[in-house]
Amino acid sequence: MAVLAIVLLLVAAYLLGSLPTGYLVAKGVKGIDIRQYGSGGTGATNVLRTVGKGAAIAVLIIDLLKGLLAVLLVAAVWPQVSALATMPALWQPWVAMVAGLMALVGHSKSVWINFTGGKSVASGLGVLIGLAWPVALGAAIAFGLTLALSRIVSLSSMVAAIAASILMVLTGQPLPYCVLGVLGALYVILRHRSNIDRLLAGTEPRLGQQTNQGS
């Protein structure tokens, strides 16, 4: 029963992450399929370019909350899961780590919109807040500084992801969280493959620039 409860937790984390916020907001505000505009992603950056600031802020906040709730859910129900069987306390951070990853995958591969989605950056920040807020703060600062200097969201997102993986180690976080930092960073970078190509070619758009090749 305990194993079944953990599996259900991970499925719940995926479903939380897979809520297609940008898709729903764009449909509600402008009646469009956001996947057919800009980068085709459902994240806040594409919503900003395609729908507007207010919609992008709403998407950013909700996407962040998806990741946060996915890991908080594990902490909330773990006492009940432990009551089903004798389970070492050290299992909880590992389950939280996997739940965080499931939320990231859910955001970028949403079951509700044919396994499409965004780049998992905002949801990743939510996961970090839930597990290690100092790391989340450091990653947010890295994002902000890079964005201020470059005005390129994709570059800022990747720098923040790398910073998070490093800060997990430097701040002495548990091993499962350090593993999450590395895997999460690799996943975010993988999701930015097309952006990396444009960065190398010098064609990646900057914040505020209208384009059909958004981040």
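Along the sequence shown, residues carry numbers from 1. Everything numeric in this text was worked out from a predicted model, so none of it was measured.
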[X] and [Y]: same hydrophobic cluster, using ILVMFWY side-chain contacts below 4.5 Å?
| X | Y | value |
| --- | --- | --- |
| Leu16 | Leu10 | no |
| Leu60 | Leu69 | no |
| Val127 | Val179 | yes |
| Leu9 | Val11 | yes |
| Val98 | Ile129 | no |

With distance as the sole criterion, is a donor-acceptor pair present between the side chains of Thr116 and Tyr23 under 3.5 Å?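 Distance-only check fails for Thr116 and Tyr23.
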
Does any non-hydrogen side-chain atom of [Y] lie less than 4.5 Å from one of [X]?
| X | Y | value |
| --- | --- | --- |
| Ile162 | Ile189 | yes |
| Ile196 | Met158 | yes |
| Leu155 | Phe143 | no |
| His107 | Ser18 | no |
| Trp112 | Leu15 | yes |
| Arg191 | Val121 | no |
| Leu128 | Trp133 | no |
| Val111 | Phe115 | yes |

Grab the two heavy atoms, one from [X] and one from [Y], that are nearest each other, plus how far apart they are.
| X | Y | answer |
| --- | --- | --- |
| Gly118 | Thr42 | N-OG1, 3.2 Å |
| Tyr187 | Lys109 | OH-CG, 4.0 Å |
| Ala12 | Leu73 | CB-CD2, 3.8 Å |
| Ala55 | Val25 | CB-CG1, 3.6 Å |
| Ala5 | Val81 | CB-CG2, 4.0 Å |
| Val135 | Thr171 | CG2-OG1, 3.6 Å |

Report yes or no: does [X] contribute a side-chain atom to a donor-acceptor pair with the main-chain N or O of [Y] at less than 3.5 Å?
| X | Y | answer |
| --- | --- | --- |
| Ser156 | Leu147 | yes |
| Ser123 | Ser120 | no |
| Arg35 | Ile113 | yes |
| Ser150 | Thr146 | yes |
| Lys27 | Ile34 | no |

For Trp94, does the CH2 atom have more than 12 heavy-atom neighbours from other residues, nucleotides or ligands under 6.0 Å away?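 Yes, because the 6.0 Å sphere around CH2 of Trp94 holds more than 12 heavy atoms from other groups.
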
Pairwise distance [atom1]([X]) to [atom2]([Y]) - rounded to 0.5 angstrom:
| X | Y | atom1 | atom2 | result |
| --- | --- | --- | --- | --- |
| Gln173 | Ser165 | CD | OG | 12.5 Å |
| Met97 | Gln92 | CE | CD | 13.0 Å |
| Leu125 | Leu68 | CG | CG | 9.5 Å |
| Leu48 | Ile57 | CG | CD1 | 8.5 Å |
| Leu199 | Ser194 | CG | OG | 9.5 Å |
| Ile152 | Ser157 | CD1 | OG | 11.0 Å |

Just to verify, which of Asn195, Thr45, Leu104, Leu190 counts as forming a side-chain contact (heavy atoms from CB on, under 4.5 Å) with Lys119?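 Only match with Lys119 under side-chain contact (heavy atoms from CB on, under 4.5 Å): Asn195.
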
Which one of Leu64, Ile62, Ile61 satisfies the side-chain contact (heavy atoms from CB on, under 4.5 Å) criterion with Thr21?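 Of Leu64, Ile62, Ile61, side-chain contact (heavy atoms from CB on, under 4.5 Å) with Thr21 is met by Ile62 alone.
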
With sequence neighbours left out, which residue pairs that include part of residues 55-67 fulfil the salt bridge (charged side-chain N to carboxylate O under 4.0 Å, His left out) condition?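 Qualifying pairs, neighbours excluded: Asp63-Lys66.
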
